[in-house]
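These numbers were taken from a predicted model, which means no experiment stands behind them.
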Amino acid sequence: MVGLKPSDVPPTTAVKFLGAGTAACFADLVTFPLDTAKVRLQIQGENQATQAARRTQYRGVLGTILTMVRTEGPRSPYNGLVAGLQRQMSFASIRIGLYDSVKQFYTPKGSDHSSITTRILAGCTTGAMAVSCAQPTDVVKVRFQASIHLGAGSSRKYSGTMDAYRTIAREEGIRGLWKDNFPCHFISAFGAGFCATVVASPVDVVKTRYMNSPPGQYRSPLDCMLKMVAHEGPTAFYKGFTPSFLRLGAWNVVMFVTYEQLKRALMNVQMLRESPF
């Protein structure tokens with residue numbers, strides 16, 4: 001490795017794993033208010049919404065964020081941030097950081113290039129692993145983002161992130177932390193830009209409603225979808241479309257730019273530690 005620049009040295013699995021998770025956390029910090037606005041718009045109009053939610057109406061991305069800040073305080077767009085960062089450290093680290101290693105595992109020995117089938121298989125494998133590990137953090141994140149707190153007179157259901165994990169597990173069972181949202185993550189993970197938002201938005205809205213629902217409100221994600229259509233019409237599937245689209249683009253730009261820089265920096269550190277001088 002002596003005489004090589006960091007960009008010439010292939011990053012190790014540990015570097016990619018740590019770099020992907022850290023970069024994803026940085027991207028989440030930048031775009032989290034858009035994600036919270038998306039969740040609030042997605043649950044607006046739900047039949048069994050609380051009285052506080054019915055009194056508060058959100059209009060547009062900026063309008064939603066400003067309404068939250070005005071009625072709930074300046075920290076409200078970052079409700080659920082801790083769970084969001086936990087999600088990125090587990091989800092992105094596995095999905096992105098381990099992708100190359102899994103792809104090499106599936107690539108036949110002696111082959112110089114990975115086929116499209118191998119790449120899809122690697123993507124599906126890391127995606128499934130990431131969803132399985134990160135699912136509880138996503139449920140808690142959505143619960144916090146959807147929770148409306150209107151000052152001292154109103155109470156919070158969860159006192160903190162760890163309390164949310166414990167409460168959900170106690171009241172809804174361990175399965176409550178793994179409410180099924182794999183189709184949404186699968187679609188979102190392999191899409192990009194406007195087309196990805198168009199395709200993923202209906203599943204994303206159903207995912208948000210289902211994750212935020214109390215036990216018994218919906219029998220399944222399909223039941224949630226059917227009730228949405230019956231009570232709110234098909235346009236309900238595109239609630240929160242604009243913040244979702246803006247966040248997707250911004251998140252990917254910030255994440256991958258940061259990821260590349262972190263990989264170089266981590267490889268620099270590694271090379272300095274291994275250098276004999």
Are [X] and [Y] in one and the same hydrophobic cluster, where Ile, Leu, Val, Met, Phe, Trp and Tyr link if side-chain heavy atoms are under 4.5 Å apart?
X      : Y      : result
Leu226 : Val229 : yes
Met211 : Ile168 : yes
Leu222 : Met228 : yes
Leu18  : Leu85  : no
Val140 : Leu81  : no

Please examine the side chains of [Y] and [X], heavy atoms only from C-beta on, and report whether any two atoms are closer than 4.5 Å.
X      : Y      : value
Thr67  : Glu72  : no
Val205 : Tyr238 : no
Asp204 : Phe237 : no
Asp35  : Lys141 : yes
Phe32  : Pro77  : no
Gln145 : Gln42  : no
Leu98  : Ser93  : no
Thr125 : Tyr106 : yes

Closest non-hydrogen atom pair, Ala122 against Tyr99: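 Reported closest heavy-atom pair: CB-CE1, 3.8 Å.
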So which heavy atom on Met89 is nearest to which on Thr22, and how close?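 Between these two residues, the closest heavy atoms are SD-N, 3.8 Å.
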Within this structure, what is the [atom1]-[atom2] distance for the pair [X] and [Y], rounded to the nearest 0.5 Å?
X      : Y      : atom1 : atom2 : result
Ile65  : Tyr58  : CD1   : OH    : 11.5 Å
Tyr158 : Asp163 : OH    : CG    : 8.5 Å
Cys133 : Asp138 : SG    : CG    : 13.0 Å
Arg59  : Leu41  : CZ    : CG    : 11.0 Å

Cationic N near anionic O, under 4.0 Å, [X] to [Y]:
X      : Y      : answer
Arg143 : Glu172 : yes
Arg87  : Asp28  : no
Glu171 : Arg166 : no
Lys239 : Glu232 : yes

Look at the side chain of [X] and the backbone N and O of [Y], then say whether any donor-acceptor pair between them is shorter than 3.5 Å.
X      : Y      : result
Ser76  : Gly73  : yes
Tyr78  : Leu29  : yes
Arg40  : Thr64  : no
Ser213 : Tyr210 : yes
Thr137 : Ala134 : yes

State, without any angle test, whether Thr13 and Ser101 hold a side-chain donor-acceptor pair at a distance under 3.5 Å.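 Checked: Thr13/Ser101 side chains pair up, N/O donor to acceptor below 3.5 Å.
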Going through the checks in order, is the side chain to side chain contact (heavy atoms under 4.5 Å, CB included) test met by Asp100 and Lys16? CA-CA 9 Å; Asp100 287 334; Lys16 287 184 283 189; 3.1 Å; yes
Exceeds 12 heavy-atom contacts within 6.0 angstrom, atom CZ of Phe26: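 Check fails, neighbour count at 12 or below.
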Can you name the residues that form a side-chain contact (heavy atoms from CB on, under 4.5 Å) with Ala146, not counting sequence neighbours?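 Here the qualifying residues are Val39, Ile43, Asn212.
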By side-chain contact (heavy atoms from CB on, under 4.5 Å), which residues pair with Ala169, not counting sequence neighbours?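 With sequence neighbours excluded, Ala169 shows a side-chain contact (heavy atoms from CB on, under 4.5 Å) to Ile174, Leu177, given in chain and number order.
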Using the salt bridge (charged side-chain N to carboxylate O under 4.0 Å, His left out) rule, collect all pairs that involve residues 212-222, keeping only residues at least two apart or in two chains.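 Those involving residues 212-222 are Arg219-Asp223.
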